[in-house]
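Shown next, in structure tokens, is the structure this report addresses.
Note that the structure is predicted; figures quoted are calculated from it, not measured.
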Amino acid sequence: MTTAQPPVTTPPPTGQVEVALVDFEFKPNTLRVAPGTPVVFKNQGQAPHTVTDSTGRFDSGNLAPGAEFRYTFQAPGTYPIYCKIHPYMTLNLQVGP
């Protein structure tokens with residue numbers, strides 16, 4: 001007789017988290033972090049990009065290749081992030097448990 005195992009859940013990362021902007025996409029393109037987590041967005045591609053919250057909470061401005069932008073996510077919720085230069089580049093970031 002076997003017993004059902006509870007589902008395995010991965011807790012949100014703590015500490016600094018990195019997101020790469022490369023090949024015209026955010027890597028990863030979905031992310032969950034705990035409140036208070038700093039996220040470093042690094043432009044690892046050959047083109048300039050932005051890291052822009054579509055609700056207007058922040059905007060990195062243009063990030064040249066090799067540049068980075070840091071933002072600490074304090075408030076729980078959903079952060080729909082995109083690149084103003086390449087609006088098809090999107091990141092769905094969730095803050096919370």
Side-chain angles (χ1 to χ4, degrees):
M1 185 165 141
T2 60
T3 58
Q5 296 294 320
V8 175
T9 57
T10 304
T14 57
Q16 178 175 297
V17 174
E18 293 184 5
V19 174
L21 289 73
V22 62
D23 298 331
F24 301 100
E25 64 181 311
F26 290 94
K27 292 185 181 181
N29 63 4
T30 45
L31 182 63
R32 179 179 292 267
V33 299
T37 301
V39 178
V40 178
F41 299 88
K42 294 184 176 185
N43 185 353
Q44 298 176 352
Q46 298 300 310
H49 296 293
T50 73
V51 178
T52 306
D53 176 61
S54 64
T55 63
R57 291 173 276 202
F58 60 85
D59 183 340
S60 66
N62 288 348
L63 297 173
E68 57 184 58
F69 170 71
R70 176 184 302 266
Y71 189 83
T72 300
F73 292 86
Q74 299 290 353
T78 300
Y79 292 76
I81 297 169
Y82 74 104
C83 171
K84 280 185 177 177
I85 302 167
H86 311 100
Y88 52 86
M89 287 179 60
T90 61
L91 165 64
N92 180 19
L93 193 142
Q94 297 287 323
V95 177

query: Do Tyr88 and Leu21 belong to the same hydrophobic cluster, where Ile, Leu, Val, Met, Phe, Trp and Tyr are linked whenever their side-chain heavy atoms lie under 4.5 Å apart, directly or via other members?
result: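 Tyr88 clusters together with Leu21.
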
query: Hey, is the main chain of Phe69 close enough, under 3.5 Å, to the side chain of Ser60 for a donor-acceptor pair?
result: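 Not at all, since once roles are kept as given, no pair shorter than 3.5 Å links the two residues.
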
query: salt bridge (Lys or Arg N to Asp or Glu O under 4.0 Å) with Arg70: which residues, sequence neighbours excluded?
result: none

field: Which atom of Glu18 lies closest to which atom of Pro28, heavy atoms considered
entry: O-CD, 4.4 Å

query: Where is the tightest heavy-atom contact between Pro65 and Gly45, given as atom of each residue plus distance?
result: CB-O, 3.2 Å

To the nearest 0.5 Å, how far apart are [atom1] in [X] and [atom2] in [Y]?
X: Asp59; Y: Ile81; atom1: CG; atom2: CD1; answer: 11.0 Å
X: Asp23; Y: Gln46; atom1: CG; atom2: CD; answer: 9.0 Å
X: Leu63; Y: Gln44; atom1: CG; atom2: CD; answer: 12.0 Å
X: Glu68; Y: Asn43; atom1: CD; atom2: CG; answer: 10.5 Å
X: Met89; Y: Lys27; atom1: CE; atom2: NZ; answer: 10.0 Å

Side-chain contact test, heavy atoms from C-beta onward, threshold under 4.5 Å: evaluate it for [X] versus [Y] and give yes or no.
X: Pro80; Y: Thr90; result: no
X: Thr37; Y: Val95; result: no
X: Ile85; Y: Pro48; result: yes

task: Starting from the C-alpha separation in whole Å, work towards a yes-or-no answer on side-chain contact (heavy atoms from CB on, under 4.5 Å) for Thr30 and Leu91.
output: CA-CA 6 Å; Thr30 45; Leu91 165 64; 5.6 Å; no

message: Please enumerate all residues that pass ring pair (Phe, Tyr, Trp, His ring centres under 6.0 Å) together with Tyr71, with sequence neighbours excluded.
response: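 Only Phe58, Phe73 meet the ring pair (Phe, Tyr, Trp, His ring centres under 6.0 Å) criterion with Tyr71.
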
- prompt: Considering the options Asp53, Leu31, Thr78, which one meets the side-chain contact (heavy atoms from CB on, under 4.5 Å) requirement together with Leu93?
  reply: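 Only one option passes, and that is Leu31.
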
field: side-chain contact (heavy atoms from CB on, under 4.5 Å) between Phe24 and His49, worked out
entry: CA-CA 8 Å; Phe24 301 100; His49 296 293; 3.7 Å; yes

